[in-house]
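Report on the following structure.
Here the structure is a predicted model, which means the values were calculated and not measured. Just so it is clear: chains get the letters A, B, ... in the order the sequence lines come, proteins before strands, and each one is counted from 1.
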Amino acid sequence: MEETIFACQHEGTPVELELAIPAHLLRDDLPLPNPSELEVLRHYTRLSQKNFSIDTNFYPLGSCTMKYNPRIAHEVATLPGFSRLHPATPAVAAQGLLRSLAELQGWLAELTGMAAVSLSPAAGAQGELAGVAMIRAYHQARGDTQRQRILIPQAAHGTNPASARMAGFAVTELPNLPNGDLDLDALRAALGPEVAGIMLTNPSTLGVFERQIQEVAALVHGAGALLYYDGANLNAILGRVKPGEMGFDVMHLNLHKTFATPHGGGGPGSGAVAAASRLAPYLPVPRVVGEAGSYRWESHAERPESIGQLSAYAGNIGVLLRAHAYVRRLGHTGLQRVSAYAALNANYLMHGLRRQGYTVAFAERRATHEFIISVQDLHKASAVRALDVAKRLLDFGIHAPTIYFPQLVPECLLIEPTETESKASLDRFLEVMAQIRREALEEPERLRNAPHDLPVRRVDETLAARRLQVAE
Amino acid sequence: MEETIFACQHEGTPVELELAIPAHLLRDDLPLPNPSELEVLRHYTRLSQKNFSIDTNFYPLGSCTMKYNPRIAHEVATLPGFSRLHPATPAVAAQGLLRSLAELQGWLAELTGMAAVSLSPAAGAQGELAGVAMIRAYHQARGDTQRQRILIPQAAHGTNPASARMAGFAVTELPNLPNGDLDLDALRAALGPEVAGIMLTNPSTLGVFERQIQEVAALVHGAGALLYYDGANLNAILGRVKPGEMGFDVMHLNLHKTFATPHGGGGPGSGAVAAASRLAPYLPVPRVVGEAGSYRWESHAERPESIGQLSAYAGNIGVLLRAHAYVRRLGHTGLQRVSAYAALNANYLMHGLRRQGYTVAFAERRATHEFIISVQDLHKASAVRALDVAKRLLDFGIHAPTIYFPQLVPECLLIEPTETESKASLDRFLEVMAQIRREALEEPERLRNAPHDLPVRRVDETLAARRLQVAE
Amino acid sequence: MPYIPHDSAETAAMLEAIGVARLEDLFDEIPQALQSDVSALPEGCGEARLRREMEERAAEQAPLRCFAGAGAYAHHIPAIVWEIARRGEFYSAYTPYQAEASQGTLQLLYEFQSFMTRLTGMEISNASLYDGASALAEACLMALRLRPAAREILIPEGLLPHWRRVLDALLPMQGIRLRSLPQDPQSGRLLLPGEDFPEAAALILPQINRFGVLEEVDALAHWAESHNLLRIAVVNPLALALLKAPGDWGEQGADIVVGEGQPLGVPLAAGGPYFGFLTCRRDYVRQLPGRLVAKTVDAAGQVAYCLTLQAREQHIRRAGATSNICTNQGLLVTAATIHLATLGANGLRAAAARAHQQAQRLRALLARLPGVELPHAGPVFNEFVLRLPRPAPSVRDGLLAHGFLAGVPLIELNPADDPHDLLVACTELSEDEDLDGYASALAGVLGEA
Amino acid sequence: MPYIPHDSAETAAMLEAIGVARLEDLFDEIPQALQSDVSALPEGCGEARLRREMEERAAEQAPLRCFAGAGAYAHHIPAIVWEIARRGEFYSAYTPYQAEASQGTLQLLYEFQSFMTRLTGMEISNASLYDGASALAEACLMALRLRPAAREILIPEGLLPHWRRVLDALLPMQGIRLRSLPQDPQSGRLLLPGEDFPEAAALILPQINRFGVLEEVDALAHWAESHNLLRIAVVNPLALALLKAPGDWGEQGADIVVGEGQPLGVPLAAGGPYFGFLTCRRDYVRQLPGRLVAKTVDAAGQVAYCLTLQAREQHIRRAGATSNICTNQGLLVTAATIHLATLGANGLRAAAARAHQQAQRLRALLARLPGVELPHAGPVFNEFVLRLPRPAPSVRDGLLAHGFLAGVPLIELNPADDPHDLLVACTELSEDEDLDGYASALAGVLGEA
Ligand SMILES: Cc1ncc(COP(=O)(O)O)c(C=O)c1O
Ligand SMILES: Cc1ncc(COP(=O)(O)O)c(C=O)c1O
């Protein structure tokens, strides 16, 4: 069969064009293929089969919350009455949609302990950008214009500093203590009149709950700065702990993680932002406002203090509808179960791996929904790296955990099983990890040459960057 | 992962039952598994990936017309307005459906050159049964009760004799001439007052057009018998030759072949029957009757001469809607192109294989939509069988052609590419067949041990029948 | 050219390779007189146009809440069922004749067989027949092959009339006689026959019967056993989540079990495609119609699956086959298997119990309306007969405007039935608000007259 | 428990392995004061109930024929597009960081990049940004990284106002100034600026502009070239099937091209998820925001694909990344790639031409109505402004009852615009009967007043 769709070079039936457009504005040729429908279907169906995915593989990718994406959510979100709505449809003709979004805003506010929610950010990073922009707007509205710096733990996700920079801030990174908690002395030292805020996630990216969070909040607020909460790890505490009650002022949620909307090979996501009341006026536009029977998008004029509009329309509606369906289906009991079983699965794996001899990063702590192991011992013993362990896992049909993140822990793997995996699936992972450990010590080449049984062998990423062949 | 769904033995949440049913009518336990939704999804998604299918493979399975199944047909057939209709919905509330079925009846009548159509048979074999039952009813209505025998060419599909027997007929098989045409002398000899009819397909299962069909029809009709047309091969002559004009009295269509509805791993099909006017009264019930704006199912009382009802409802409506969509989409020009390109692809492959040294069964004849090769020469040279060639093809991602059918030609493969395959796909098949021929002569073990690269190696069918483990 | 990939250069190259000038030349063996055209058919249209036309037709009728049953039921189908079943690898595969290239379908069918044997309490299940009614006809033929001397099948009047008509069409052609056994009009149940039937091969035992009433299957099976008749059970597969499995009926259990598979994840679709299932004792496997999948090993000794006992089938045995069936209802079985797995034991029991409870509730609600009666005293599962003060078809039609398909008038199934009787079914989709809505709409419609 | 497989025995065994008694103990590191509950949220419901509720909401509004555009268009999406894109292996995969386990997504993205570079006439394409407007903001940031001394971006008033607002939100935070360039009210086209802009990095060139009018892109690009400004083209990807590729604008072509991908197989979905695309010159690749896939080889020398130049991205470069984007719009790109392949060159040209022709036809039809005017003289693609005798919002609202979404009132995009102006778009789905229906419904609504 054709290896690429560009090999399907039938002429097809050329089209007669009658255009009322001046010729000099037109193009001469369109160098695209003309495959038949079957060729397209076959090509992309076969490509799809080369992927790992939740639907086919255990996918314990730390920080990414690769849980089951309920298909009923897809079904209801793509009902023609929603999927064919033009974004400029007037509110009278979109009440069913607006009501659902209004409900979702309310539910997210309740879950986060925040005063108000805007659903518009397209992903976590855009939510972060919105949040730090709101912090900027807050200080500026108070005339406190010197606050140009954001504090961020070293272990934080890369989007945190990148978002802070996009909002025009300078970034200072903070260290963590050996027990995984934040170094409060370093925090105290860093706080000052030029600090606008701090971006944290809790549980942190180290897979542990920041126990001093109330102290941290007091310190930060005391210094006139605000707390941003990166909601990517919300699965760990869903329905149990509310960021608003921990002292955070503004946050985003990753609906495509915690609320089980699909990752789609890279996206789309939704990074809804939630804010305490003093930051609510700055939320990005538009939000849904109104009550039963007459919902509408609020106008720009109504929200003069808003940081504005982050994308052309109101956000990733299709993703929001899936998240809405998820909350409606699970209800408060079901949502609380999510964090319970996410924690159960993570702690079970952490204990299992420790028993096998793996080094757990914060072994004396509870795992949250994820935890870190380090294979530095294997690296010393036989030059096997975390990367090799990851690639070898693929041979067993298990997707690799996140590796080399957080960068603090050498040769680390960040493992997040999620609540939707069964005990049987976890037990198989433990078996496979035991075998990989044996192999690492006895036949390290097997790992270094892995994967062996995938559509391709190990991919040469260096050559890729050197050649840079990025289009046909 | 779990190898079978029966391994997912969670207890699940047991249900409290309050039933107004006497206890002695109830069961005690229900020995079924309770998998999670993700376990189900993962298990069956992975199973699906073990299949060859049109969507993933060239599938030149002779007599089966494995062509592309347009997805738009699936989409329209499963619109909730159709898929949620209860079969007992009164006609006033099902006009959109009934109109479509009425159109399809008319289109099929036009395409077959027949007077009337009943859409109810669930597959080709049920259509055949309907057709021979109609022949029986016709003779009986004329008091001609001695006609208890049906003639069928030896090369005919197995359902033909099996259906004749289900309608209570005895069967006599007729030989073919070396050129693929029917042996008219044998036909003459077989005809007589106890013969009710003959079942033919044209092009025949030998992949050639029966050129003497008009003579055959004259002979059969002259003997007071009727002609049944097995429409499974209609793809070869679609929109060009009408069975009704060849002299056939009644026939079925395989909508799941010619009209591109999916085979679904074994079904469903639709074996709509079409009849010339003298047989129309006997068509199975129900049919759609009426005109614009008021269609309805005809009542049983209106059709006293009908052979009756073959299944509980009106047939495989979902399949019929797909066939309707196919005809509507292609129109008469598109349908005629189907047979042209089906013939082009088959003749191209036939010539290509002959050039490689393969023995073509009727080399001096035109291929129709399919043709036969025999590998008896390879069998003699290196004990390689048609089965081995078939299994080796699988290693190249090509589904095996039909083998050992028709049984007349030793070590045969019946090859039907269909019109939806591209020249590139045919050329690759030719390349692979050339390689297989080389292998057959040079390293026959490669073929005899094939397949090598599938989810399983060659399957032990003998053991299967001996052990007969058919449920868990 | 829709669905045909060839461009003109490719077509020309291929014609040249074949050695003909034009596409039409490929048909030069066909007598000229037979070549005609089909320009009376419409011209084709684009996919967008087709979608639009069919969406318009599908939307002509506003959706109805469905209380019709009589063999086909409006059950909930979880979203994943067709999400998986529609995958191209299932949807567009052929019958799994090439086992190595069809392990997906084969293992799934094996699991289907396992589900059905467990559900029915039998040892062997085939991989589907066209529908429940034709499966029953096949079961009768099977019984007569098992009892070659017999000529008759005993058929309770409680069998659905449209199923009975299928038997009437298919069995007499082979010289088989159908003897009807009467129901008791009070209880709605089959009367234990007093006579003997020396020529009969089997008794058909529909549990639930066509009035929705549950039969005393043990007593009936006993009677059949003592008269040396085979027992052919006809069951609703979802009801079997609660009801005694036919394998446990009487002393010896049923011999053959058939049913309509539609309640297991198959859309109503105005009557099809559905699927029939058939399970039986292991001894009878060589008389089984339809396909059968077995677990075996491959050349490397690994577990593998394949079709088995194909010598029963038409493609091998031709006129001597156990049935003429070839194409069956594979895709529906695919959906049903996924459906069974998705609901699981607990989900099936919950759905069945809920359908039953809502039927009980609705029956009580409706029976309170003036002039409305319940003609049958026997216990019901999810369906019951309502005797209306007016002819059922017109009442049913009147309820359409209120958004309800109120049921199936018995007279539309069987002209001899009481024209006032309406067969009403609930499923787990019948919510309380629907029952109340139905009751008040019915009160309104009855009040109008 | 929806979506959680554990039964109580499994839960107990796992708790024991961990060494805690109850699930709650797993949260014992969390200060008690912080533990709260969320019982204010509703109770959960079954899948059937959820489906029912949402179907009801989705059906509250009868379908409207869509003539609204302004950046999002009601195009036909062939059935296979989402049939494939929804496959679990695409739908439920993560970003393809593990190349060996993601060759499907990676090759598809590589093909997407190939489609987009060919369509736009550029050398490099990323693998998507959030939407067209935010992609334009990224393009501006990129331009400023390429011209570190500059502080300004030149923005024609012809840019869609809602896109402009996104720039207003995102760029000033980094100290960037936005300079507006006026349009000619007669032609609806951008006026060639007379002045110099020494602090500007780039000129944004929207082809088509927000009045639906086609700009003289060559002349404008020339002007920018001669003023040493980078050219950022903003295009409708479907229109590029006909219109000159930005890579060919002026002498040197555009430097960066962005656009909204929605017209390529993405459902309208009330505004998202859509995707933004961004292509550029090869020289600028290290300033590219977002993901990039390259073709390479595996350890056995076979073709393979992987993400490349990740050092531009936040997960490596953190605060120094070219953008903060992480999750992008992968699934929409999946659909768009399949859509582009399915339509092919000919299908894209046919769809674009048809949209254009129907817009021409509708424009002529509507301009005949009394009091209706066409304010702009410039050529259009598939969208045009209609000046109505009454305020556009009320006319639009009046047409809803006739089943038409008549367009987008300009005043709803930009309060400073003429309240009588309505932006009307056609696509290949606008059939003749729809145009006629629109015209007569509009005549009716205008007549009413
Ligand atoms: C901890 C953390 N923060 C932020 C993000 C960014 O979210 P997104 O990818 O939706 O932009 C992620 C996602 O990868 C994350 O894991
Ligand atoms: C020539 C021929 N006749 C009849 C049939 C029977 O059709 P069906 O499988 O739909 O019952 C087939 C299908 O396999 C066939 O190929």
Tell me, out of C/Val297, C/Asp248, C/Val293, C/Ile124, who's got the most heavy-atom pairs with chain B below 4.5 Å.
-> C/Val297
Student check: side-chain heavy atoms of B/Arg165 and C/Arg318 closer than 4.5 Å | no
Engaged part of C/Glu83 at the chain B interface, taking heavy atoms whose separation is under 4.5 Å = neither
Does C/Glu100 come within less than 4.0 Å of B/Arg458, counting only side-chain N to carboxylate O?
-> no
Relative to chain B, which of C/Ala99, C/Gly344, C/Ser114 shows the most heavy atom pairs under 4.5 Å?
-> C/Ser114
Quick one: what part of C/Val285 sits under 4.5 Å from any heavy atom of chain B, side chain, backbone, both or neither?
-> side chain
Pick whichever of C/Pro267, C/Ala68, C/Ala133 has the most heavy-atom pairs under 4.5 Å with chain B.
-> C/Ala68
Within a strict 4.5 Å, meaning less than it, do heavy atoms of the C/Ile80 and B/Glu37 side chains meet?
-> yes
Side chain to side chain, B/Asn34 and C/Asn346, heavy atoms closer than 4.5 Å | yes
Heavy-atom contact with chain B under 4.5 Å, split by part of C/Leu400 | side chain
Top of C/Glu10, C/Gln35, C/Gln98 for chain B proximity - count of heavy-atom pairs under 4.5 angstrom = C/Gln98
Under 3.5 Å, is there a donor-acceptor pair between the C/Ser102 and B/Asn51 side chains?
-> no
Should the pair C/Glu60-B/Arg99 be classified as a salt bridge under the 4.0 Å nitrogen-to-oxygen rule?
-> yes
Rounding to 0.5 Å, atoms CD (B/Glu461) and SG (C/Cys306) come to a distance of 4.5 Å
Would you say the side-chain atoms of C/Ser36 and B/Glu245 include a donor-acceptor pair closer than 3.5 Å?
-> yes
Spacing of B/Met166 atom CE and C/Ile325 atom CD1 [to the nearest 0.5 Å] | 9.0 Å
Cation-pi check, B/Arg329 onto C/Tyr3 ring (under 6.0 Å, within 45° of axis) | yes
So, is the end of the B/Arg366 side chain (NZ or CZ) under 6.0 Å from the ring centre of C/Phe27 and within 45° of the ring's axis?
-> no
Side chains of C/Met54 and B/Leu321: does their closest heavy-atom pair fall under 4.5 Å?
-> yes
Using non-hydrogen atoms only, which part of B/His256 is less than 4.5 Å away from chain C: side chain, backbone, both, or neither?
-> side chain
Is it the side chain or the backbone of B/Lys67 that comes within 4.5 Å of chain C heavy atoms, both, or neither?
-> neither
Name the orientation class of the two ring planes belonging to C/His162 and B/Tyr313 (parallel below 30°, tilted from 30 to 60°, perpendicular beyond 60°).
-> tilted
Are side-chain heavy atoms of C/Pro63 and B/Pro80 found at a separation under 4.5 Å?
-> no
Please check if any side-chain donor atom of C/Glu216 sits under 3.5 Å from a side-chain acceptor atom of B/His24, or the reverse.
-> yes
Which answer fits B/Leu79, side chain, backbone, both or neither, if we ask what part of it has an atom under 4.5 Å from a heavy atom of chain C?
-> side chain
What do you reckon, are the aromatic ring centroids of B/Phe6 and C/Phe115 less than 6.0 Å apart?
-> yes
Is there a donor in the side chain of B/Thr45 and an acceptor in the side chain of C/Arg87, or the other way round, less than 3.5 Å apart?
-> no
Between C/Thr11, C/Thr95, C/Val38, the one whose heavy-atom pairs under 4.5 Å with chain B are most numerous | C/Val38
Counting heavy-atom pairs under 4.5 Å to chain B, which of C/Glu43, C/Gln103, C/Arg317 comes out on top?
-> C/Glu43
When the aromatic ring centroids of C/His315 and B/Phe405 are compared, is their separation below 6.0 Å?
-> no
C/Thr117 side chain reached by B/Glu472 side chain, heavy atoms, under 4.5 Å = no
Do the two ring centres, one from B/Phe52 and one from C/Tyr94, sit under 6.0 Å apart?
-> no
Is there a side-chain contact between B/Tyr341 and C/Leu23 (heavy atoms, below 4.5 Å)?
-> yes
Any chance the rings of C/Tyr91 and B/His74 have centres within less than 6.0 Å?
-> yes
Contacting moiety of B/Glu128, where chain C heavy atoms sit under 4.5 Å = neither
Does any non-hydrogen side-chain atom of B/Tyr68 lie less than 4.5 Å from one of C/Pro2?
-> no
The interface call for B/Met66 against chain C, heavy-atom contacts under 4.5 Å, is side chain
What part of C/Leu242 gets closer than 4.5 Å to chain B, counting heavy atoms only: side chain, backbone, both or neither?
-> both
